[in-house]
Amino acid sequence: MEVSHIQSNLNILILAAGLGTRMRSKVAKVLHRLGGRPMINYVCQTAMALMPEKIYVVIGYQGEEVKGAILKELDESLVEFIWQEEQLGTGHAVNTARKFFEGKDTTILVLSGDVPLIRPTTLAALIQKHRTHRGKGAACTILTVKLDDPTGYGRIVRDETGLFSRIVEQRDASEEEKQIKEINTGIYCFNSTKLFEALSKVGNENAQKEYYLTDVPHILIEAGESVALYQHNDPKEVAGVNNRMELAEMERILQRRIIKRLMLDCGVTFIDPNAVYINDEVLIGQDTIVYPNVIIEGKTEIGEGCIIRSGTRISNSKIGKDVEILDNCLIVDSEIADGCVIGPMAHLRGKAKLKQKVKIGNFVEVKNTTIGEGSKASHLTYLGDATIGTNTNIGAGTITCNYDGKQKHPTHIGDNVKIGSDTMLVAPVKVGDNAVTGAGSVVIEDVPPNSLVVGVPAKVKKILKQEESNAEELVETGSKKEV
Ligand code: UD1
Ligand code: CA
């Protein structure tokens, strides 16, 4: 079913005002996250894909937060928020939208904020069925599905001839009705005029003392209107989240969808697809290999031909081609260009930016620092608020002392520099191109280009000739060239 054609005379109403008592949470159910994004945002995204005239979202419990989450992804002009101050049931929730539909005759698609994995194509087919049922369309069309275990859901009761009779909620169902496997997914199409007419007749004489939207179809039948059922065949797609077990199951289903897409459409290898966790918005290039126990979150982009070893978490970062990320790295809000090698056990954060072929090794932390092409920091180092040129080597144990207890200060290191092991760079400070610092130096003043500094505090010991190899100088001052 093509979704691109169904835009005229379609309005979507999303119910998202409830607390979700069964979640046992202080956070509104629809804000609980799936694939790293609030559940409600999946429903909104799907609604958008149908290109309706307008999306209405009924909010109440933590309404401001729900609104905020939605507006992070959807433009304000596309959504109308409707407040349901007291949550008196799904029928009451729909009724809050009444004033927006007075004098209008339109199709209203009702979605639940807690049924996040529904696909646009399924909804398009539901709308099609609703509009063409018996030639002139139905007053209401209910999306149903058969479940092996229907516990908790409203059941679809049919009459002797197999036609729809009514929906009965779990708590109000007889033992016999509880055996019914066909359930109400909480997703429906209504003719707006007939919906609000019927809603006026809904009472709250039931186990929960709520105004049930599920009473509307039966009221319509009584009034001689036609109610259609559209039975879907994929229970996973229409499952609702009511507790944390269901949330975890939903996460698994979503993960399978995401990983399947990455494997089959994008050519990514996951050595164990069940042992990784990849967010919905992540992009990964062809022939990248992801080892078990890797987490990739947020708006992360990874290029082609990368290798990501176990125990690594990458969040909101951009990684180029042919990058190797060894075991147990944490990479947040950072950029890594082509051909870099990171880890094991490296920490990149706060706008760390590595140019091509940079090597960051064991126990190296890089924060708000740009490192030029081909430079290396292989062991036990902290680089914060620094800029480092090309082909520079940062020796083991080097620290940019960027914080004086009150303020952060920058460090600039030029091209082709050799920072000896255990150098303390007390910021603000600059190290010129081709300079060398001896092991254990404490650099408190700028180091001129082409000079060798040693000691505490570090002093210029020698000006190096351009062609002079640094090796002898370093040996002379007690450092090694490669550390
Ligand atoms: C509802 C249906 C049930 C169906 C199931 C499918 C009713 C009475 N029952 O039950 O037949 O099988 O969905 O998932 O409709 N909400 C509001 N305001 C309220 C109450 C609820 O906005 O006053 C919202 C909730 O935030 C939620 C949605 O409506 O997003 C459904 O409410 P929920 O309480 O989860 O209904 P279920 O018991 O699951
Ligand atoms: Ca529900």
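Note that this is a predicted model, so its numbers are computed, not measured. When a ligand or atom number is given, it counts from 1 through the structure's own listing order.
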**Student:** Before signing off on this row, confirm whether Tyr153 and ligand 1 have an N or O atom pair separated by under 3.5 Å.
**Tutor:** no
**Student:** In ligand 1, which numbered atoms sit nearer than 4.0 Å to a non-hydrogen atom of Gly154?
**Tutor:** 3 (C), 4 (C), 11 (O), 12 (O)
**Student:** What do we get for Asn242 next to ligand 1 when only non-hydrogen atoms under 4.0 Å count, side chain, backbone, both or neither?
**Tutor:** side chain
**Student:** Side chain to side chain donor-acceptor pair (under 3.5 Å) with Glu182: which of Lys146, Arg155, Arg158?
**Tutor:** Arg158
**Student:** Checking side-chain contact (heavy atoms from CB on, under 4.5 Å) for the pair Asn316/Glu297: CA distance, chi angles, key distance, verdict?
**Tutor:** CA-CA 6 Å; Asn316 286 315; Glu297 315 173 314; over 6 Å; no
**Student:** Atoms of ligand 1 less than 4.0 Å from Ala93 heavy atoms?
**Tutor:** 17 (C), 18 (N), 22 (O)
**Student:** Quick check: does Gly89 get an N/O under 3.5 Å from an N/O on ligand 1?
**Tutor:** yes
**Student:** Name the one of His409, Lys367, Lys408 that satisfies side chain to side chain donor-acceptor pair (under 3.5 Å) with Asp385?
**Tutor:** Lys367
**Student:** Give a yes/no verdict on whether any heavy atom in Glu169 is under 4.0 Å from an atom of ligand 1.
**Tutor:** yes
**Student:** Under 6.0 Å between ring centres, would you say that holds for Phe190 and Phe101?
**Tutor:** no
**Student:** When you measure from the centre of the six-membered ring of Tyr291, is the NZ or CZ of Arg309 closer than 6.0 Å and no more than 45° off the axis?
**Tutor:** yes
**Student:** Backbone, side chain, both or neither: what part of Ala17 comes under 4.0 angstrom of ligand 1, heavy atoms only?
**Tutor:** both
**Student:** Against the six-membered ring of Tyr230, is Lys129 placed for a cation-pi contact (under 6.0 Å from the centre, within 45° of the normal)?
**Tutor:** no
**Student:** For Met23, is there any backbone N or O sitting under 3.5 Å from a side-chain donor or acceptor partner on Arg244?
**Tutor:** yes
**Student:** Can you tell me how far the CG atom of Leu330 sits from the CZ atom of Arg349, to the nearest 0.5 Å?
**Tutor:** 9.5 Å
**Student:** Would you check whether Asn184 has a nitrogen or oxygen atom less than 3.5 angstrom from a nitrogen or oxygen atom of ligand 1?
**Tutor:** yes
**Student:** Counting each atom of ligand 1 from 1 as listed, which ones have a heavy atom of Lys29 under 4.0 Å away?
**Tutor:** 35 (O)
**Student:** Who's closest to atom 34 (O) of ligand 1 heavy-atom-wise, of His92, Glu210, Gln87, Arg22?
**Tutor:** Arg22
**Student:** Would you say Lys321 has more than 12 foreign heavy atoms packed within less than 6.0 Å of its NZ?
**Tutor:** no
**Student:** Check each atom of ligand 1 against the heavy atoms of Thr185 and keep those under 4.0 Å away; list them by number with element.
**Tutor:** 6 (C), 14 (O)
**Student:** Would Val58 count as a polar contact of ligand 1, with the cut-off being nitrogen or oxygen pairs under 3.5 Å?
**Tutor:** no
**Student:** Going by the order shown, which atoms of ligand 1 are within less than 4.0 Å of some heavy atom of Gly113?
**Tutor:** 30 (O)
**Student:** For Thr90, take its heavy atoms, then give the atoms of ligand 1 lying under 4.0 Å from any of them.
**Tutor:** 7 (C), 8 (C), 15 (O), 20 (C), 21 (C), 29 (O), 31 (C), 32 (O)
**Student:** What protein N, O or S atoms come within a distance below 3.0 Å of the Ca ion (ligand 2), ordered by chain and number?
**Tutor:** Asp114 OD2, Asn242 OD1
**Student:** What about Leu213: any of its N or O atoms under 3.5 Å from an N or O on ligand 1?
**Tutor:** no
**Student:** Can you tell which of Leu88, Thr21, Val57, Asp114 gets a heavy atom nearest to atom 35 (O) of ligand 1?
**Tutor:** Asp114
**Student:** Report yes or no: is the cationic atom of Arg37 (NZ for Lys, CZ for Arg) closer than 6.0 Å to the six-membered ring centre of Tyr42, at no more than 45° off its axis?
**Tutor:** yes
**Student:** Could an N or O of ligand 1 be found under 3.5 Å from any N or O of Ile183, whether backbone or side chain?
**Tutor:** no
**Student:** Are any of the N/O atoms in Gln84 less than 3.5 Å from those in ligand 1?
**Tutor:** yes
**Student:** Counting from 1, what ligand 1 atoms have a heavy atom of Ser112 closer than 4.0 Å?
**Tutor:** 28 (C), 31 (C)
**Student:** Measure from atom 1 (C) of ligand 1 to the protein's non-hydrogen atoms and state whether any distance is below 4.0 Å.
**Tutor:** no
**Student:** Look at atom NZ of Lys136 and say whether more than 12 heavy atoms of other residues, nucleotides or ligands are closer to it than 6.0 Å.
**Tutor:** no
